[in-house]
Amino acid sequence: MEKAYQPKDVEDRLYQSWEEEGSFRGTPDAGKPAYSIVIPPPNVTGVLTMGHVLNNTIQDILARRARQRGFSTLWLPGTDHAGIATQTKVEQQLRQQGKSKHDLGREGFIEHAKEWRDKHGGIILKQLRKLGCSCDWERTVHTLDPDYSKAVLEAFVRLFNNGYVYRGKRMVNWCPVSRTALSDEEVIMKPQSGKLYKVRYELADTPGEYLYVSTTRPETIMGDVALAIHPQDERWPALQGRKVRRPLQPAEIPIIADDAVEKDFGTGMLKITPAHDPLDFEIGQRHGLEIIDVFHEDGVLNELAGPEFAGLDRFEARKATVEKLREQGDLIDEEDHANNVGFSERADVPIEPRLSEQWFLRYPRVEEAKRAVSEGMIRYFPERWTKTYLHWLENIQDWCISRQLWWGHRIPVWYRKGAPRNDPNNWHVSVDGPEDPENWEQDEDVLDTWASSWLWPIATMGWPNPSAMKQQGLDYFYPTSALVTGPDIIFFWVARMIMAGLEFKGDPVDPKTTLSDEQIRQRIPFRDVYFTGIIRDAKGRKMSKSLGNSPDPLDLIEKYGADGLRHGIMSIAPKGQDIRFSEERIEQGRNFCNKLWNVSRFRQMADEQTRESSLEEIIGRMDPAHLNQDDHAILLRLIQTLDEVERLYEQYEFNSALHSIYRFFWNDLCDWYVENSKPRMRGGEGKETCLAVQDLCLRQVLLLLHPVTPFITEELWHVLGFSGGQSIQWANPGTGQELGGLLSQSGIKPDPVALDEMLAIRELVTSMRALKADRNLANNNRVEFSYLAEDGKSDVLSKHLGSVLSSVGAAALNRVAQAPAGMPALVTAFGSIYLDLASGVDVGAEKIRLSKELEALNKIISSIENKLGNTAFTGKAPPQVVEGARRQLADNLAKKQETEDALRSLS
RNA sequence: GGACGGCUAGCUCAGUUGGUUAGAGCGACUGGUUUACACCCAGUAGGUCACAGGUUCGAGUCCUGUGCCGUCCA
């Protein structure tokens with residue numbers, strides 16, 4: 001074996017063999033329970049980020065654990081066509097060639113985009129392989145695949161037929177860069193510091209008299225169609241029926257009264273611009289006002305804005321209109337003003353409220369979706385996200401699902417040529433289109449990407465095609481076992497998938513019928529949802545391309561190995577908290593792998609012939625008569641660890657589980673057990689048993705670690721001869737109880753007392769080492785110790801004498817009848833220990849040290865005495881707590897006595 | 001404005017239903033190549049558990065309020 005673990009020699013080779021053996025294949029198997037996960041599909045053109053590393057490592061851990069435990073496991077991968085994101089990229093690239101999408105036309109553009117996707121897309125799936133992800137690649141799905149697309153259209157048609165889908169002219173969120181409508185969820189509110197302008201409007205019937213209006217958007221004044229005032233405003237009676245002159249694009253506009261006007265904001269007078277503000281639109285509707293849209297779709301002002309402003313973009317137009325108002329003397333005041341502005345999630349520019357004709361969806365199964373989560377049919381980890389989820393559902397707004405893009409699923413609605421489109425009688429809605437296509441034209445828009453990915457758990461398993469569903473095992477693998485995703489897409493994706501599952505899985509149910517709990521259980525897309533934290537950089541900032549603070553995971557794999565990266569990221573991922581990334585943690589992961597490698601190497605050096613060690617064979621090599629206290633202790637710790645890890649994984653406490661394995665492996669096994677094995681391994685009757693105990697521990701550690709660090713554990717599994725020709729992927733670590741049962745069949749019953757003793761002995765060793773270290777005595781400087789103790793303590797100590805001597809680096813530990821004079825001393829649970837120094841002792845320094853010790857003891861003692869002196873405590877606290885305090889007091893008093901003795905012996 | 005989360009050692013974080021003297025890793029410092037590992041071993045220092053009240057025999061833990069940081073919703 002190499003001196004240090006070399007991931008590169010191992011990873012690609014093992015991954016390839018796993019794939020070739022079909023280990024990742026998810027096939028329905030009636031003889032086994034099912035475990036399934038669908039990957040949150042990354043953007044087809046995306047590349048691997050640290051967020052993906054975290055998210056997919058967790059999924060891989062779940063999938064690999066399930067395989068080990070005998071589940072027929074499917075981890076289904078795929079990619080998302082990511083409508084806006086991808087189309088933007090392709091358009092950018094076209095622009096670089098001096099072309100626009102219109103040069104290619106719709107068909108040509110889509111062809112081009114597909115080619116581009118096939119060439120540049122899917123990189124991320126290759127990267128996931130490097131990370132070790134055990135996805136069933138043969139089942140990779142893309143949201144624009146023909147079958148998937150059919151499912152998307154089918155869903156639309158069914159929703160339409162059930163009355164959930166409607167077309168309407170509404171105010172929508174418009175992105176002037178992507179030139180499409182967006183859903184509310186795609187708008188990010190950001191606080192902005194802008195200006196509030198006070199503008200005067202001249203009363204038409206009394207020139208020279210003015211009304212004052214505060215506005216943040218002077219560039220829309222040309223679209224004003226009224227001024228509004230609250231009906232309770234005292235000025236109202238005097239203004240009723242009168243008109244003002246619009247200061248830009250002059251025209252006379254009415255003054256109206258409406259309850260929606262905030263009396264206390266600004267001047268209490270609102271300009272009404274129905275084309276450019278949702279509230280103004282509503283007010284305009286109530287009062288039958290005209291709508292004047294002064295913008296083009298790209299945010300450039302149009303001819304209705306007047307010759308002076310037409311052609312300016314909205315930001316320039318703001319400056320220009322302010323300037324013009326100032327020139328005219330109509331700008332009365334401007335002041336700084338902080339407000340929230342909606343930004344487009346993708347293009348990161350302010351969105352425009354815009355009136356347009358769009359398709360909307362009234363969400364199906366909202367009530368059942370609430371129930372599924374609030375009643376625990378779907379469990380959220382951490383649980384607190386249920387509140388966020390329920391709050392959103394309670395305030396749910398209809399979903400604008402049409403996008404003015406070409407890249408996506410084209411809306412399956414056709415309009416009769418030449419007939420008015422707003423009359424549903426002229427619509428044809430179906431998956432395959434009308435039989436006489438020459439008489440129809442299809443809607444130009446495509447569906448929101450999320451209106452395809454909300455079907456991900458069912459449409460990746462063949463829905464709605466019955467034979468595909470059967471073949472792909474929808475009924476076997478659905479509901480999926482767990483979903484692993486970020487809380488940032490709880491509305492975009494998680495909530496919508498739940499509603500889609502409830503609506504579409506199983507036989508159609510009348511919209512008026514509420515689903516029963518039983519139906520909900522069968523229809524939900526997943527049982528558990530694990531929300532990861534967001535990975536931040538060392539300064540706590542979100543990782544992003546623009547900040548350049550996101551390391552490339554592939555570089556990290558190159559440097560530390562995939563296992564190192566996985567171990568590192570999992571060790572710092574507390575449940576659902578944000579995660580601060582630091583490369584040092586990945587380094588630790590690498591170091592951990594190296595430690596595992598080296599302790600295996602050490603094992604190999606002891607006994608190089610090849611073994612084939614099944615669990616039974618290993619246990620069979622143990623001779624119960626040769627088991628010492630350390631053997632008992634480590635076996636007990638192993639049993640504990642198996643159960644603890646299992647329990648923590650059940651709760652999705654990944655970093656705690658890992659920590660538990662770490663503690664057992666590094667602190668208990670390597671630092672203590674293996675170190676103490678060294679003398680035994682020189683020969684003698686305990687050697688075989690000791691090696692067998694090491695084998696058992698190593699074997700179980702490999703099994704527990706395999707989900708986290710799959711490569712190195714598989715490699716060592718074979719190197720150490722545990723495999724019997726079988727991959728570690730199919731070996732179950734089992735429970736502590738199961739292991740205990742097997743041991744007891746071989747006459748091995750680990751003694752619980754040994755564990756307590758071992759812990760106490762370790763404390764003793766630590767103090768003895770410290771006593772040496774204080775005097776700068778090297779570990780291998782074999783000094784002599786004496787000790788003074790009662791018989792009971794002495795017995796325990798003598799059982800562990802070998803360990804103590806070798807761990808401390810001591811030549812002898814001699815029991816004495818009375819305290820030797822003039823030696824540095826240590827008061828421990830096992831009595832007083834004296835360090836025998838041939839050379840002189842710094843008596844002054846010793847006295848200071850022991851006095852400090854005494855001071856600390858006195859503090860502890862008086863605090864316990866206080867407590868015990870308090871009748872409220874002794875009366876009300878549970879007996880075992882009071883008893884514990886008494887024992888503690890006695891121990892510390894004894895320690896105090898011995899410390900005083902030691903001090904005296906120095907003088 | 002509302003909701004949620006965080007505030008514990010220099011840093012990153014553990015700390016179960018309240019119960020011994022609040023832990024780990026990293027970093028710092030000291031010493032070290034003993035049959036694996038310097039990607040290692042041994043040891044040391046370092047904490048007013050954000051703040052203020054309250055409940056309790058007992059609070060890092062429960063309650064109320066405040067502050068700061070972050071996220072989401074309006």
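Every chain is numbered from 1, with letters handed out A, B, ... down the list of sequences. In this text, all values refer to a predicted model and were calculated from it rather than measured experimentally.
Between A/Tyr662 and A/His659, the two ring planes are parallel [angle under 30°; tilted spans 30° to 60°].
If you check every strand for non-hydrogen atoms under 4.0 Å, A/Asp671 touches sugar and phosphate atoms only. When heavy atoms are screened at a 4.0 angstrom cut-off, A/Glu675 is found touching base atoms of the nucleic acid. Within 4.0 Å (heavy atoms only), A/Tyr5 reaches no atom of the nucleic acid at all. Heavy atoms of A/Ser656 sit nowhere under 4.0 angstrom from any nucleic acid atom.
Remark: A/Arg682 is not in phosphate contact with B/rU35, judged by side-chain N or O atoms under 4.0 Å from OP1 or OP2. The phosphate of B/rC41 (OP1 or OP2) has a side-chain N or O of A/Lys595 nearer than 4.0 angstrom. Taking side-chain N and O atoms only, A/Trp672 has no distance below 4.0 Å to OP1 or OP2 of B/rA42. The phosphate of B/rA42 has neither OP1 nor OP2 within less than 4.0 Å of any side-chain N or O from A/Thr766. Proximity of A/Lys387 to the phosphate of B/rC4: a side-chain N or O atom is located under 4.0 Å from OP1 or OP2. A/Arg590 has no side-chain polar atom (N or O) that falls below the 4.0 Å cut-off from OP1 or OP2 of B/rC39. Residue A/Asn591 places at least one side-chain N or O closer than 4.0 Å to OP1 or OP2 of B/rC40.
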Taking it one step at a time, do A/Asp631 and A/Arg680 satisfy salt bridge (Lys or Arg N to Asp or Glu O under 4.0 Å)?
-> CA-CA 12 Å; A/Asp631 295 323; A/Arg680 295 169 81 192; 2.7 Å; yes
Show the numbers, then the answer: is there a ring pair (Phe, Tyr, Trp, His ring centres under 6.0 Å) between A/Trp392 and A/Phe491?
-> CA-CA 7 Å; A/Trp392 184 73; A/Phe491 312 138; 5.1 Å; yes
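Along RNA chain B, the nucleotide closest to A/Val765 and the one closest to A/Ser806 are compared, and the more 5′ of them pairs with A/Ser806.
The pairing partner recorded for B/rG70 is B/rC4, the criterion being a Watson-Crick or G-U wobble arrangement whose two distances lie under 3.5 angstrom.
In this structure, A/Leu393 and A/Met499 have side chains that are in contact, with non-hydrogen atoms separated by less than 4.5 Å.
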